[in-house]
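Below is one structure, written out as structure tokens, with a few remarks after it.
The residues of the chain are indexed from 1 along the displayed sequence. None of these values were measured; they are calculated from a predicted model.
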Amino acid sequence: MPDLTGGFVALLGLKLDEVGEDRVVIRWQVRPELHQPAGIQHGGVYCSVVETAASIGGSLWLRERGRVVGVSNQTDFLRAVHDGELTAVGTPVHRGRSQQLWQVEITDADARLVARGQVRLQNLYPA
């Protein structure tokens, strides 16, 4: 598995609290650099975190047998957030030979659901 502390993960300020093949937990602080023009968390951040959680968990499950790529990301935005800490929890719904489906719920510090999503991953195997 590649380094998970740099690149886009670092740009978003994501902290990986739990990383496993059955559950991935990610935290981050909502801050002005991640706002959309109305001053709330940009929806693209939610989509990115949902895909990150699913991809990490899916990769850990597939292990050295291959790699995963996201082929579908459906994320719903449920509550506007201006600031504070958010937590995403990703868990598998289905893991098959060719594809995986992961769900991710994002909550605020008061455990209120603010966004949720699902990602379909394609399992790619070496030729």
Side-chain angles (χ1 to χ4, degrees):
M1 168 137 308
D3 176 27
L4 300 175
T5 59
F8 197 52
V9 168
L11 183 67
L12 293 177
L14 305 183
K15 307 294 182 213
L16 305 174
D17 284 352
E18 185 178 334
V19 177
E21 64 182 42
D22 295 320
R23 182 175 150 99
V24 176
V25 179
I26 300 173
R27 281 183 304 110
W28 75 100
Q29 284 294 128
V30 177
R31 55 189 201 278
E33 307 91 81
L34 301 178
H35 284 173
Q36 50 105 300
I40 59 175
Q41 177 73 92
H42 193 288
V45 174
Y46 293 128
C47 294
S48 297
V49 173
V50 165
E51 185 139 354
T52 298
S55 295
I56 290 171
S59 293
L60 290 171
W61 178 77
L62 193 58
R63 300 184 185 271
E64 67 282 342
R65 294 174 298 199
R67 59 190 174 95
V68 300
V69 294
V71 294
S72 175
N73 182 330
Q74 161 64 56
T75 301
D76 297 305
F77 318 125
L78 306 171
R79 179 184 298 274
V81 176
H82 302 275
D83 56 23
E85 184 175 78
L86 297 178
T87 302
V89 178
T91 55
V93 175
H94 169 78
R95 294 184 285 203
R97 186 187 63 75
S98 61
Q99 294 189 343
Q100 300 180 48
L101 182 65
W102 283 71
Q103 68 179 9
V104 181
E105 292 190 342
I106 299 172
T107 55
D108 65 12
D110 294 323
R112 295 178 296 190
L113 189 62
V114 299
R116 68 177 182 138
Q118 67 177 29
V119 171
R120 188 164 42 98
L121 300 169
Q122 185 73 39
N123 299 330
L124 301 177
Y125 300 96

**Q.** Partners meeting side chain to side chain donor-acceptor pair (under 3.5 Å) with Gln29 (sequence neighbours left out)
**A.**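 Partners of Gln29 under the side chain to side chain donor-acceptor pair (under 3.5 Å) test: none.
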Q) What residues form a side chain to side chain donor-acceptor pair (under 3.5 Å) with Arg97, not counting sequence neighbours? A)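 Side chain to side chain donor-acceptor pair (under 3.5 Å) list for Arg97, sorted by chain: empty.
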Is a side-chain N or O of [X] found less than 3.5 angstrom from the main chain of [Y], in a donor-acceptor match?
{"X": "Arg116", "Y": "Thr107", "answer": "no"}
{"X": "Asn123", "Y": "Gln100", "answer": "no"}
{"X": "Asp108", "Y": "Asp110", "answer": "yes"}

Q) Please walk me through it: do Arg67 and Leu62 pass side chain to side chain contact (heavy atoms under 4.5 Å, CB included)? A) CA-CA 7 Å; Arg67 59 190 174 95; Leu62 193 58; 5.5 Å; no
Q: Report yes if the side chains of Leu78 and Glu105 come closer than 4.5 Å at any heavy-atom pair, otherwise no.
A: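 No. Closest side-chain heavy atoms not under 4.5 Å.
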My understanding is that only residues two or more places apart in sequence, or in another chain, count here; which of them pass side-chain contact (heavy atoms from CB on, under 4.5 Å) with [X]?
{"X": "Leu11", "result": "Phe8"}
{"X": "Glu18", "result": "Arg23, Val25"}
{"X": "Arg27", "result": "Lys15, Asp17, Glu85, Thr87"}
{"X": "His42", "result": "Gln36, Val45"}

Same cluster (ILVMFWY, side-chain, under 4.5 Å), [X] and [Y]:
{"X": "Trp28", "Y": "Val89", "value": "no"}
{"X": "Phe77", "Y": "Ile106", "value": "yes"}
{"X": "Val49", "Y": "Leu60", "value": "yes"}

Q: Might you point out which heavy atoms bring Gln99 and His94 nearest each other, and give the distance in Å?
A: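 Heavy-atom minimum between the residues: O-CD2, 3.9 Å.
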**Q.** For Pro126 against Gly66, the heavy-atom pair lying closest together
**A.**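 That closest heavy-atom pairing would be CD-CA, 4.2 Å.
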Q.
To the closest 0.5 Å, what do you measure between CG (Leu12) and CZ (Arg31)?
A.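 Separation between the atoms: 7.0 Å.
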